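Worksheet: one structure, shown below.
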Amino acid sequence: MKRKDHKNSLISLPMILFEFRKTIGNPYVHIFGVGMPILMMIIITRAVVGGMTEGTVLADVCTSVFLGIGAMIPMATIFMGYGVSNAQELEKGIPQRMELFGISTSVSMCNRILSEMIFMVMAFSIYFAAGYGLVEIRLPEWSGALLYILCILAFSVILFCLAHGISSLLRKFSLTYCVTMLLYFGMMILGGMMGISYDNMPSVVRAAARLLPVTYINKDFFSVWKGESYNFMPMFQSYLLLGAVAGILLFISAKRGSRKLH
């Protein structure tokens, strides 16, 4: 009986464990993907509800902030963390050496995104434990919790593709770190996570903010969390737009990579 060759499998446990070790070895994901969201959630909720008394309104405000800040986790662990890690590997020629052993880029990508999702689940578990332990968070409706998970997962996949496209085109740690960091903080500012709410932004800035999924997660998702009716079309359009940008970058980076091989 032939032994199964893991190198020929698109997804395998040894490869997932290998990629997961690389993920947890990246200090950026621990600092920006676990520590910073918890810290910002505590600071912002304490600042916003400092003058409020205990009650339903306090829980609603805390929950809204909590859900919005949660979007930082995929932005840090996947977009920024994977982006700089992939650029560093490309700069050192690691993917080329892996291909010599029969491990293609597609195999690495499939196993890496699974490892990133596993780490993100762990990060969200810590985040939710901290939120319910330190802040007054409202319990969700089942439909609201499910939709939040689905939106975060879709956002994470798009960010992964975007990070891969950017890092594959730039192929340098320093450039990728600079670009992803600027985009990371840009999304946080436009998404209303840096102290300026969407309603207080100038009209031009609001127009740009409406193009990002993180804006809707931060601004509107509390209504979904409570199980209320919500018009998902603007949010869906923002997902499509960001997904299209990520897809274009992936296509260009793949074409560029194939030209280099030939």
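Keep in mind it's a predicted model, so treat the numbers as computed, not measured.
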Heavy atoms, side chains only, cut-off 4.5 Å: are [X] and [Y] in contact?
| X | Y | value |
| --- | --- | --- |
| Phe79 | Phe160 | no |
| Asn26 | Val29 | yes |
| Phe221 | Tyr216 | no |
| Arg210 | Thr215 | no |
| Trp225 | Leu147 | no |
| Phe124 | Ile152 | yes |
| Phe18 | Asn111 | no |
| Met75 | Leu183 | no |

Treat each ILVMFWY residue as a node, draw an edge where side-chain heavy atoms are under 4.5 Å apart, and state whether [X] and [Y] are in one component.
| X | Y | value |
| --- | --- | --- |
| Leu211 | Tyr198 | no |
| Phe173 | Met181 | yes |
| Val65 | Phe128 | yes |
| Leu212 | Leu240 | no |
| Tyr132 | Val121 | no |

task: I would like to know whether Val61 and Thr45 meet side chain to side chain contact (heavy atoms under 4.5 Å, CB included); could you show each step before the answer?
output: CA-CA 8 Å; Val61 173; Thr45 51; over 6 Å; no
Between atom [atom1] of [X] and atom [atom2] of [Y], what is the distance when rounded to the nearest 0.5 Å?
| X | Y | atom1 | atom2 | result |
| --- | --- | --- | --- | --- |
| Asn231 | Ser223 | CG | OG | 11.5 Å |
| Met72 | Met40 | CE | CE | 5.0 Å |
| Met122 | Thr23 | CE | OG1 | 10.5 Å |
| Ile118 | Leu114 | CD1 | CG | 6.5 Å |
| Ile16 | Cys110 | CD1 | SG | 10.0 Å |
| Gln237 | Leu241 | CD | CG | 9.5 Å |

query: Leu190 and Arg206: side chain to side chain contact (heavy atoms under 4.5 Å, CB included), yes or no, with the steps?
result: CA-CA 8 Å; Leu190 291 174; Arg206 283 203 302 269; over 6 Å; no
message: Under the criterion ring pair (Phe, Tyr, Trp, His ring centres under 6.0 Å), I'd like the reasoning laid out for Tyr127 against Phe66: C-alpha separation, chi angles, the key distance, then a yes or no.
response: CA-CA 9 Å; Tyr127 180 71; Phe66 174 79; 4.6 Å; yes
query: In this structure, which one of Lys22, Arg112, His164 forms a side chain to side chain donor-acceptor pair (under 3.5 Å) with Tyr82?
result: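 Answer to the side chain to side chain donor-acceptor pair (under 3.5 Å) test with Tyr82 among Lys22, Arg112, His164: His164.
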query: In terms of heavy-atom contacts, does CZ of Phe251 have more than 12 from other residues, nucleotides or ligands at under 6.0 Å?
result: no
- prompt: Does Phe236 CZ have over 12 foreign heavy atoms under 6.0 Å away?
  reply: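 It does not: Phe236 CZ has 12 such atoms or fewer within range.
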- request: Evaluate side chain to side chain contact (heavy atoms under 4.5 Å, CB included) for Met117 paired with Ser156, printing each intermediate quantity in order.
  value: CA-CA 8 Å; Met117 291 298 178; Ser156 302; 3.7 Å; yes
Sidechain-backbone polar pair: [X] side chain, [Y] backbone, donor-acceptor under 3.5 Å:
| X | Y | result |
| --- | --- | --- |
| Arg138 | Thr63 | no |
| Ser238 | Met235 | yes |
| Ser253 | Leu249 | yes |
| Asn218 | Gly192 | yes |

Of all the heavy-atom pairs spanning [X] and [Y], show the shortest one and how long it is.
| X | Y | answer |
| --- | --- | --- |
| Thr176 | Gly83 | CG2-O, 3.4 Å |
| Pro213 | Tyr239 | CB-CE1, 3.5 Å |
| Ala209 | Met201 | CB-SD, 4.4 Å |
| Ala163 | Ser167 | O-OG, 2.8 Å |
| Met120 | Pro74 | SD-CB, 3.6 Å |
| Ala123 | Gly33 | CB-O, 4.2 Å |

message: Within the 3.5 Å criterion, strictly below it, is a donor on Ser115 or Arg21 matched to an acceptor on the partner's side chain?
response: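 No, no side-chain donor-acceptor contact under 3.5 Å.
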- request: Can you label the angle between the Phe119 ring and the Phe20 ring as parallel, tilted or perpendicular, going by 30° and 60°?
  value: tilted
query: Is a salt bridge present between Lys92 and Glu89, judged by a nitrogen-to-oxygen distance below 4.0 Å?
result: no
- request: Any chance you could lay out the side chain to side chain contact (heavy atoms under 4.5 Å, CB included) test for Ile44 and Ile69, step after step, and finish with the verdict?
  value: CA-CA 9 Å; Ile44 293 176; Ile69 296 296; 3.8 Å; yes
